[in-house]
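Throughout, protein chains are lettered first and strands after them, A, B, ... in sequence-line order, and every chain is numbered starting at 1.
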2 protein chains.
Amino acid sequence: MAKVEKKYKYAVIASDVAIFTVKDGELKVLLIEMKKKPFSGMWALPGGLVEVKESVDRAAERQLLVKTGVKNVYLEQLYTFGEVNRDPFGRVVSVAYFALIPGDNIKLKTTKEYADVKWYNISDLPKLAYDHRKIIDVAYHRLQSKLGYTNIVYSLMPREFSLTELQETYEIIKGTNLDKRNFRKKVLSLDLIKKVDKMARGSAHRPASLYSFKNRKYKVIQML
Amino acid sequence: MAKVEKKYKYAVIASDVAIFTVKDGELKVLLIEMKKKPFSGMWALPGGLVEVKESVDRAAERQLLVKTGVKNVYLEQLYTFGEVNRDPFGRVVSVAYFALIPGDNIKLKTTKEYADVKWYNISDLPKLAYDHRKIIDVAYHRLQSKLGYTNIVYSLMPREFSLTELQETYEIIKGTNLDKRNFRKKVLSLDLIKKVDKMARGSAHRPASLYSFKNRKYKVIQML
DNA sequence: GCAAAAGTGTTTAACATACACCCATGG
DNA sequence: CCATGGGTGTATGTTAAACACTTTTGC
């Protein structure tokens with residue numbers, strides 16, 4: 001986050017993005033390691049000041065693209081954090097976003113500005129700069145609840161997946177176990193996914209049918 | 001909204017508040033009439049720039065207090081509007097809030113800065129400045145949906161009310177009719193309200209029992 | 001005694017929940 | 001042939017929805 005002098009008469013705006021994915025059976029969030037004091041060695045969400053010539057949404061997309069190389073993924077405004085002393089460099093208000101990306105083939109990018117970029121398990125976060133711990137808590141909570149009444153899982157899944165993989169994604173994020181038969185019944189009744197003419201291969205057990213989403217567009221539903 | 005020069009390198013922040021009430025059988029929103037060009041004669045939500053020394057929440061509370069004289073009412077952050085050209089006076093991002101107040105005894109206050117302050121029916125809005133029409137749409141939508149899964153009605157009702165008045169409040173905001181028996185069964189099963197030892201008086205029909213909320217604290221419920 | 005709103009239960013349909021066994025594959 | 005996860009149906013309980021008449025008051 002660039003330096004902002006206190007002499008500004010009005011608060012200025014940054015945008016921070018909590019980027020989530022599900023990988024290796026865990027919900028993960030993307031963090032970058034900071035260099036500058038007083039936060040050196042601490043971790044933070046990707047973010048930065050909003051430029052005069054770009055919208056706030058656009059600034060969030062830019063952060064996402066620069067840090068992960070992805071675009072056109074699910075990105076939603078989360079909440080605006082406007083406490084007076086949340087940033088020691090000046091009066092900065094943060095418009096936080098959350099993004100969801102599938103767990104496969106994401107190559108992380110770092111820059112000279114930061115020491116490192118990494119996925120962290122949501123259950124095992126390092127020490128965080130600014131109020132980013134709070135932002136992650138709010139984002140996690142929003143993700144859990146939106147999973148129940150929208151179809152946003154589609155943005156966490158690969159193109160093709162088995163019903164078990166889909167169920168596991170729900171279980172990992174909700175932190176609860178679901179009944180297999182009831183889950184399948186519900187998902188299929190919602191008419192969101194279709195069977196593709198393929199089976200999973202290479203496992204020492206009965207291969208699973210693969211499915212894909214009929215359309216990958218945000219929709220309010222009654223899931224859980 | 002004070003003038004902001006375009007020379008600022010970063011976007012600055014304002015806060016606008018959509019204040020709702022239910023009165024005379026209608027959902028109303030509070031608007032102020034603007035004097036300065038290019039918006040003279042148009043109406044806008046109460047709002048203004050966030051000062052360096054106050055939080056964004058605090059700025060919203062201040063707007064609410066200055067325009068209506070009320071405090072300690074329901075106030076929730078709604079959404080942040082960050083398009084580049086939403087404000088002709090400069091690069092201003094608006095953190096919008098929505099507030100709910102009971103329909104009784106609110107005295108509106110105006111200031112030299114504005115021509116007038118008035119309640120407008122949500123179904124009959126005048127021409128609005130900035131992107132405030134959009135803000136009101138989002139706020140109205142949020143209000144409708146939160147009514148269904150939280151107890152926020154309490155902030156629109158007077159201390160004591162009849163079940164019919166409560167039902168009418170829901171109907172006005174939702175824009176639908178509800179079944180009297182089912183409504184009462186549901187409301188009473190939620191254990192949110194208690195009968196007070198009084199009856200409505202002065203009407204040419206059977207007097208209604210009055211109720212009040214057991215506690216006026218935000219709570220997630222399953223209402224509609 | 002009439003007009004107007006208050007108050008009150010039951011039946012039916014839809015949906016959520018609980019629960020256990022056989023199937024197809026790789027090794 | 002065995003270990004592993006895939007796949008399937010029914011019975012029960014809970015909740016939502018539909019629906020009409022009697023009661024109490026002021027005038």
Side-chain angles (χ1 to χ4, degrees), chain A residues 22 24-25 144-145 147-151 153 157-158 160-172 174-212 220-224, chain B residues 22 24-25 144-145 147-151 153 157-158 160-172 174-212 220-224:
Chain A
V22 173
D24 309 325
Q144 288 187 318
S145 97
L147 216 56
Y149 68 91
T150 73
N151 67 342
V153 229
M157 303 301 295
E160 298 177 347
F161 51 88
S162 69
L163 291 179
T164 300
E165 285 163 350
L166 184 61
Q167 181 176 344
E168 281 167 355
T169 302
Y170 275 93
E171 289 178 336
I172 288 163
K174 295 291 237 189
T176 56
N177 291 335
L178 300 172
D179 180 89
K180 190 172 22 166
R181 279 174 290 192
N182 293 340
F183 178 81
R184 292 159 107 96
K185 202 187 314 169
K186 182 75 194 182
V187 166
L188 293 171
S189 78
L190 289 171
D191 193 41
L192 299 172
I193 59 177
K194 57 171 187 285
K195 215 177 242 193
V196 297
D197 194 19
K198 270 191 225 169
M199 301 292 263
R201 297 204 52 100
S203 57
H205 55 78
R206 178 171 172 177
S209 295
L210 296 180
Y211 290 79
S212 70
V220 172
I221 58 168
Q222 179 49 28
M223 180 64 208
L224 300 179
Chain B
V22 173
D24 309 325
Q144 288 187 317
S145 96
L147 216 55
Y149 68 91
T150 72
N151 67 342
V153 229
M157 303 302 295
E160 298 178 347
F161 52 87
S162 69
L163 291 179
T164 300
E165 286 163 351
L166 185 62
Q167 182 177 341
E168 281 166 357
T169 301
Y170 275 94
E171 289 176 337
I172 289 163
K174 294 291 234 188
T176 57
N177 290 336
L178 300 172
D179 179 88
K180 187 167 30 162
R181 280 174 290 191
N182 292 339
F183 178 81
R184 292 158 107 97
K185 204 188 310 169
K186 181 76 195 181
V187 165
L188 293 172
S189 78
L190 288 172
D191 194 40
L192 299 172
I193 59 178
K194 58 172 186 283
K195 213 177 244 193
V196 297
D197 194 20
K198 271 191 226 170
M199 301 293 262
R201 297 204 51 100
S203 57
H205 54 79
R206 177 169 173 178
S209 295
L210 296 180
Y211 290 77
S212 71
V220 173
I221 57 170
Q222 179 48 27
M223 181 64 208
L224 301 178

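- Checked against dA18(C), dA5(C), dA18(D), the side chain of N182(B) finds its nearest nucleotide in dA18(D).
- Each of dG6(D), dT8(D), dA17(D) was ranked by its minimum atom distance to the side chain of R181(A); first place goes to dT8(D).
- The separation between M199(A) atom CE and dG26(C) atom P is 11 Å, rounded to whole Å.
- L166(B) has its CG atom 18 Å from the P atom of dA5(C), to the nearest Å.
- One can place CZ of R201(A) at 15 Å from C1' of dG6(D), the figure rounded to the nearest angstrom.
- The nearest whole Å value for the distance from the OH atom in Y149(A) to the C1' atom in dA16(C) is 21 Å.
- Closest to the side chain of H205(A), out of dG9(D), dT8(C), dT4(D), is dT4(D).
- Computed from coordinates, the L178(B) CG to dA18(D) C1' distance equals 14 Å when rounded to whole Å.
- Between Q167(B) atom CD and dA5(C) atom P the separation is 13 Å, expressed in whole Å.
- Atom CG in L188(B) sits roughly 14 Å away from atom P in dA6(C) (whole-Å rounding).
- Within the nucleic acid shown, K180(A) comes within 4.0 Å of at least one base atom, counting heavy atoms only.
- At a threshold of 4.5 Å between non-hydrogen side-chain atoms, the residues V187(A) and M223(A) count as touching.
- If you find the closest nucleotide of DNA chain D to L163(A) and to Q222(B), the one lying nearer the 5' end belongs to L163(A).
- OP1 or OP2 of dA6(C) lies within a sub-4.0 Å distance of a side-chain N or O belonging to T164(B).
- For S209(A), counting side-chain heavy atoms from C-beta on, the closest listed nucleotide (dA20(C), dG7(D), dG9(C)) is dG7(D).
- Closest to the side chain of R184(B), from the set dG6(D), dC19(C), dG7(C), is dG7(C).
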task = Please assess I193(B) against L163(B) for the test side chain to side chain contact (heavy atoms under 4.5 Å, CB included), listing each intermediate value before the final yes or no.
result = CA-CA 10 Å; I193(B) 59 178; L163(B) 291 179; 3.5 Å; yes

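- As judged by a 4.0 angstrom heavy-atom cut-off over every strand, K185(B) is placed among the base-contacting residues.
- For dG5(D), the OP1/OP2 oxygens have no side-chain nitrogen or oxygen of S203(A) closer than 4.0 Å.
- Rounded to whole angstrom, the span from the NZ atom of K186(B) across to the P atom of dA17(D) amounts to 9 Å.
- Side-chain contact between R184(A) and T164(A) is present, with heavy atoms from C-beta onward closer than 4.5 Å.
- Separating the OG atom in S189(B) from the CD atom in Q222(B) is a distance of 10.5 Å, to the nearest 0.5 Å.
- Note that the NZ atom of K186(B) and the CG atom of L178(B) stand 12.5 Å from one another [nearest 0.5 Å].
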